[in-house]
**Student:** 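Just passing along the structure, written as structure tokens.
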Amino acid sequence: MKHVVVQSISSIILYVLMAFLFSSFLSDISTIIESDSFIVEFNLLPLLLLIGFFIVWTIYSFNTRPNKQLNFAQWSVRMTEFSEVDEREQIITAKATKAAYVSFSISVPILMGSFMFYPLFEDALPTYPIYALASTLIIATFVYMVTWIRAYTR
């Protein structure tokens with residue numbers, strides 16, 4: 001269970017850092033377009049945070065993988081949250097995946113509806129679409145983790 005919790009929380013942190021990186025990049029690009037100059041400046045902090053977190057997460061995830069027989073190439077193309085060591089965990093993973101899918105089908109239409117009002121607050125929150133997309137992934141991952149924990153502890 002610890003593996004699923006750590007991997008799910010790591011995925012959520014990764015989505016937040018990616019949203020921070022893309023929103024920072026979008027803000028920098030907007031500044032360049034408004035100034036009519038060709039000077040490219042980037043805030044490197046989000047990129048360095050993302051790279052640092054990704055390296056630590058990859059090393060930790062590879063060293064604590066449940067199936068030690070997988071090499072790095074085989075392991076790196078799999079979703080790390082899915083724990084299917086035995087038949088019980090396969091059933092739990094199926095339930096958690098179904099719950100995440102249901103949460104996705106609820107959160108996406110709600111956020112799509114919020115885009116109808118985006119022109120009203122576009123100036124205040126220009127990076128809203130990036131965070132809206134990231135929040136759908138965060139909600140689905142969180143629901144997956146909670147459902148997995150509840151099913152595992154029964």
Side-chain angles (χ1 to χ4, degrees), residues 1-27 29 42-122 124-154:
M1 183 171 83
K2 178 183 169 189
H3 179 75
V4 172
V5 171
V6 169
Q7 293 302 317
S8 296
I9 291 173
S10 298
S11 293
I12 290 171
I13 292 170
L14 187 67
Y15 299 142
V16 169
L17 288 175
M18 289 176 72
F20 180 47
L21 172 69
F22 292 131
S23 68
S24 175
F25 181 73
L26 180 66
S27 298
I29 292 295
F42 293 101
N43 182 4
L44 284 177
L45 179 63
L47 182 62
L48 294 176
L49 285 173
L50 183 66
I51 290 171
F53 179 77
F54 187 76
I55 290 171
V56 171
W57 182 43
T58 301
I59 291 170
Y60 174 80
S61 298
F62 184 70
N63 288 335
T64 60
R65 68 190 183 282
N67 187 354
K68 298 287 184 189
Q69 296 175 351
L70 295 176
N71 62 23
F72 186 78
Q74 293 169 328
W75 169 82
S76 63
V77 294
R78 295 177 177 233
M79 295 293 291
T80 55
E81 294 94 346
F82 296 154
S83 181
E84 298 176 330
V85 176
D86 57 15
E87 194 171 301
R88 179 176 179 252
E89 285 193 0
Q90 288 176 350
I91 294 170
I92 291 170
T93 299
K95 286 181 181 177
T97 304
K98 182 179 177 183
Y101 177 76
V102 169
S103 74
F104 204 70
S105 66
I106 294 170
S107 64
V108 168
I110 291 172
L111 288 170
M112 286 171 61
S114 72
F115 281 108
M116 290 184 349
F117 304 103
Y118 179 61
L120 300 175
F121 58 88
E122 183 178 1
L125 298 170
T127 57
Y128 174 74
I130 293 171
Y131 286 106
L133 181 60
S135 68
T136 60
L137 295 171
I138 291 168
I139 290 169
T141 304
F142 184 74
V143 167
Y144 174 85
M145 180 181 69
V146 169
T147 305
W148 208 96
I149 291 170
R150 289 182 63 200
Y152 189 83
T153 54
R154 284 188 182 173

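Throughout, numbering of the chain's residues begins at 1 and tracks the sequence.
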**Student:** Got Val4 and Tyr144 here, is their nearest side-chain heavy-atom distance under 4.5 Å?
**Tutor:** yes

**Student:** Once you round to the nearest 0.5 Å, how far does CD1 of Ile106 lie from OG1 of Thr136?
**Tutor:** 13.5 Å

**Student:** Counting only heavy atoms not in Phe142 (residues, nucleotides, ligands), do more than 12 fall under 6.0 Å from its CZ?
**Tutor:** no

**Student:** Any side-chain heavy-atom pair from Leu125 and Tyr131 closer than 4.5 angstrom?
**Tutor:** no

**Student:** Counting heavy atoms not belonging to Phe54, are there more than 12 under 6.0 Å from its CZ?
**Tutor:** no

**Student:** Report the distance from atom CZ of Phe20 to atom OG1 of Thr127, rounding to the nearest 0.5 Å.
**Tutor:** 10.5 Å

**Student:** Can you tell me how far the OG atom of Ser135 sits from the CG atom of Leu133, to the nearest 0.5 Å?
**Tutor:** 7.5 Å

**Student:** Does any N or O in the side chain of Thr93 come within less than 3.5 Å of the main-chain N or O of Gln90, such that one atom is a donor and the other an acceptor?
**Tutor:** no

**Student:** Please report the closest heavy-atom contact between Thr147 and Lys95, naming both atoms and the distance.
**Tutor:** CG2-O, 4.0 Å

**Student:** Classify the angle between the aromatic ring planes of Trp57 and Phe53 as parallel (below 30°), tilted (30 to 60°) or perpendicular (above 60°).
**Tutor:** parallel

**Student:** Any sub-3.5 Å donor-acceptor pair from Ser24's side-chain atoms to Leu21's backbone N or O?
**Tutor:** no

**Student:** Leu14 versus Leu50: any side-chain heavy-atom pair under 4.5 Å?
**Tutor:** yes

**Student:** Shortest non-hydrogen contact from Pro129 to Pro126?
**Tutor:** CD-O, 3.8 Å

**Student:** Going by heavy atoms in the side chains, are Tyr15 and Ser11 under 4.5 Å from each other?
**Tutor:** yes

**Student:** Is Tyr128 close to Ser114 at the side-chain level, that is, under 4.5 Å between some pair of heavy atoms?
**Tutor:** yes

**Student:** Please report the closest heavy-atom contact between Leu111 and Ala132, naming both atoms and the distance.
**Tutor:** CD1-O, 3.3 Å

**Student:** Atom CD1 in Ile12, atom CD1 in Ile139: separation rounded to 0.5 Å?
**Tutor:** 10.0 Å

**Student:** Can you tell me how far CD1 of Ile110 sits from OG of Ser105, rounded to the nearest 0.5 angstrom?
**Tutor:** 9.5 Å

**Student:** Looking at Thr153 and Arg150, would you say the former's side chain and the latter's main chain have a donor-acceptor pair under 3.5 Å?
**Tutor:** yes

**Student:** When rounded to the nearest 0.5 angstrom, what distance separates OG in Ser103 from CD1 in Ile138?
**Tutor:** 12.0 Å

**Student:** Taking side chain as C-beta onward, heavy atoms only, is Arg88 less than 4.5 Å from Tyr152?
**Tutor:** yes

**Student:** In this structure, are over 12 heavy atoms from other groups packed under 6.0 Å from Tyr101 atom OH?
**Tutor:** no

